[in-house]
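Inspection log for the structure reproduced underneath, given as structure tokens.
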2 protein chains.
Amino acid sequence: MAAPEKTTQEAIVAAGRELVERRGMSGLTMQAVAERVGVRAPSLYKRVRNRGELVDLVVETTVEDLARELRHATEGILDPREQLKSAANALRSFAHGRPKSYELIFGLAREASGLTRTARGRAVAPVLSACSALVGHEQALDAARLVTAWANGFITMELAESFQMGGNVDRSWAWGLERIVRAL
Amino acid sequence: MAAPEKTTQEAIVAAGRELVERRGMSGLTMQAVAERVGVRAPSLYKRVRNRGELVDLVVETTVEDLARELRHATEGILDPREQLKSAANALRSFAHGRPKSYELIFGLAREASGLTRTARGRAVAPVLSACSALVGHEQALDAARLVTAWANGFITMELAESFQMGGNVDRSWAWGLERIVRAL
DNA sequence: ACCTGAACACCGTTCAAGT
DNA sequence: ACCTGAACACCGTTCAAGT
């Protein structure tokens with residue numbers, strides 16, 4: 001007799017996403033996920049190969065969310081400089097709203113899977129196209145790296161509380177963003 | 001009768017630093033450290049409060065190393081733009097040479113202790129003074145944040161293999177650095 | 001075919017007992 | 001005063017036994 005299916009991979013990934021944001025990366029344990037989906041920990045291994053694969057699935061779905069928000073932020077804007085600013089601001093909003101997820105996606109504590117990397121590529125596509133319009137396709141890649149490195153670096157330092165000399169962080173963000181897009 | 005002291009906090013921290021660089025953050029276990037210093041794991045708790053304090057000590061000594069290298073990279077250079085370039089290049093060299101340590105210092109997987117933060121502040125002091133010379137003390141903080149965010153972001157993405165669109169990463173670094181210092 | 005308890009190999013940490 | 005084995009509460013993961 002078949003035992004009834006008590007959960008799905010989708011539910012497991014959703015539970016994983018919640019746990020990451022609520023309790024951080026170390027809160028994403030197989031036991032905690034199992035409890036949330038109403039099953040014992042060993043049963044999770046029927047849906048995911050191991051914890052690493054679960055983490056990958058969490059990352060991929062989260063990167064898809066981010067990619068959607070970045071697309072949304074740039075569509076309908078004509079000036080490529082304004083596209084870049086809007087994308088950067090959307091990235092920062094995402095990070096403020098879901099800091100643990102941001103850390104999971106862009107932090108380097110984890111070696112990224114192939115799927116994660118293609119998803120990340122899709123997320124930055126709007127940035128690349130804006131840069132291409134600004135500096136030409138020859139230097140588009142260099143320019144996109146300048147923008148993404150700065151934005152990601154700024155946000156990472158902000159989340160890590162690395163800005164410890166006071167001052168107005170929002171002002172530093174706007175000041176930097178203005179100079180970055182003008183430098184292109 | 002007193003049992004002979006078989007190790008010191010210094011040796012424990014040194015073992016921790018080696019383990020981080022060789023096996024990554026998850027390789028820094030109390031058991032592995034204990035084995036390296038010739039003692040059983042419980043004995044470590046005579047020298048450090050817990051694993052968290054050991055991590056803090058590892059980070060602080062490593063940040064001191066970095067601060068020294070950044071000071072070295074800027075001294076003797078007069079042009080503040082060249083100071084910034086030299087400091088940025090030294091930061092990147094450090095990251096390439098000791099990637100796991102770089103991740104440990106600047107990653108956000110860990111909440112930074114007070115000591116770590118003052119050490120980080122000391123490390124970026126040369127950058128702040130160069131920026132002050134370039135844009136005046138009014139905007140020095142904003143400028144320093146622009147430079148450090150970009151450099152840290154670039155290096156972080158490089159180490160995480162986030163630059164996946166090919167191209168020449170060294171060229172992108174030089175291209176970005178040139179524009180960053182010119183934007184100030 | 002899925003679910004489960006029991007078990008294993010790891011962690012960090014505590015503590016009583018040795019010297 | 002330091003060192004240690006034993007123990008505890010956690011991890012992730014495997015597997016035989018249930019349904």
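Here is the naming used below: chain letters follow the sequence lines, and residue numbers restart at 1 for every chain.
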Distance check: side-chain N/O of B:Ser43 vs OP1/OP2 of D:dC2, anything under 4.0 Å? no

Return the minimal non-hydrogen interatomic distance between B:Leu28 and B:Gly16, and the atom names on each side. CD1-CA, 3.6 Å

Given that both distances must come in under 3.5 Å, which nucleotide forms a Watson-Crick or G-U wobble pair with D:dG18? C:dC2

Contact class for B:Thr29 (heavy atom, under 4.0 Å): base, sugar-phosphate, or nothing? sugar-phosphate

Just the rounded figure in Å: distance from P of C:dT4 to OH of A:Tyr45. 15 Å

From the set D:dG12, D:dA1, C:dT13, return the single nucleotide nearest to any side-chain atom of B:Ala3. D:dA1

Taking atom P of C:dA1 as reference, at what distance in whole Å does atom CD of A:Gln9 sit? 18 Å

If you find the nucleotide of DNA chain D closest to A:Arg51 and the one closest to B:Lys6, which residue's nucleotide is nearer the 5' end? B:Lys6

Nearest-Å distance, CD (A:Glu35) to P (D:dC11)? 10 Å

side-chain N/O A:Arg40 vs D:dT14 OP1/OP2, d < 4.0 Å: no

Does the ring of B:Trp173 carry B:Arg171 above it, NZ/CZ under 6.0 angstrom from centre and within 45° of its axis? no

A:Thr148 side chain to A:Ala144 main-chain N or O, any donor-acceptor pair under 3.5 Å? yes

Pairing nucleotide - D:dA7, Watson-Crick or G-U, each distance under 3.5 Å: C:dT13

Look at all strands and tell whether B:Arg49 reaches a base, only sugar-phosphate, or nothing, counting heavy atoms closer than 4.0 Å. nothing

Has A:Arg179 got a side-chain atom pairing as donor or acceptor with B:Ala143's backbone, closer than 3.5 angstrom? no

Interatomic distance, B:Met30 CE vs C:dT13 P [rounded to whole Å]: 6 Å

Please report, rounded to the nearest Å, how far the P atom of D:dA9 is from the CD atom of A:Gln31. 14 Å

Would A:Arg92 count as a cation-pi partner of A:Phe154, with NZ or CZ less than 6.0 Å from the six-membered ring centre and within 45° of the ring normal? no

Atom pair distance, as rounded to whole Å: CZ in B:Arg47 and P in C:dG12: 18 Å

Integer-rounded Å distance: C:dC2 P and A:Ile12 CD1: 12 Å

Expressed in angstrom and rounded to an integer, what is the separation of A:Asn50 atom CG from D:dC11 atom P? 17 Å

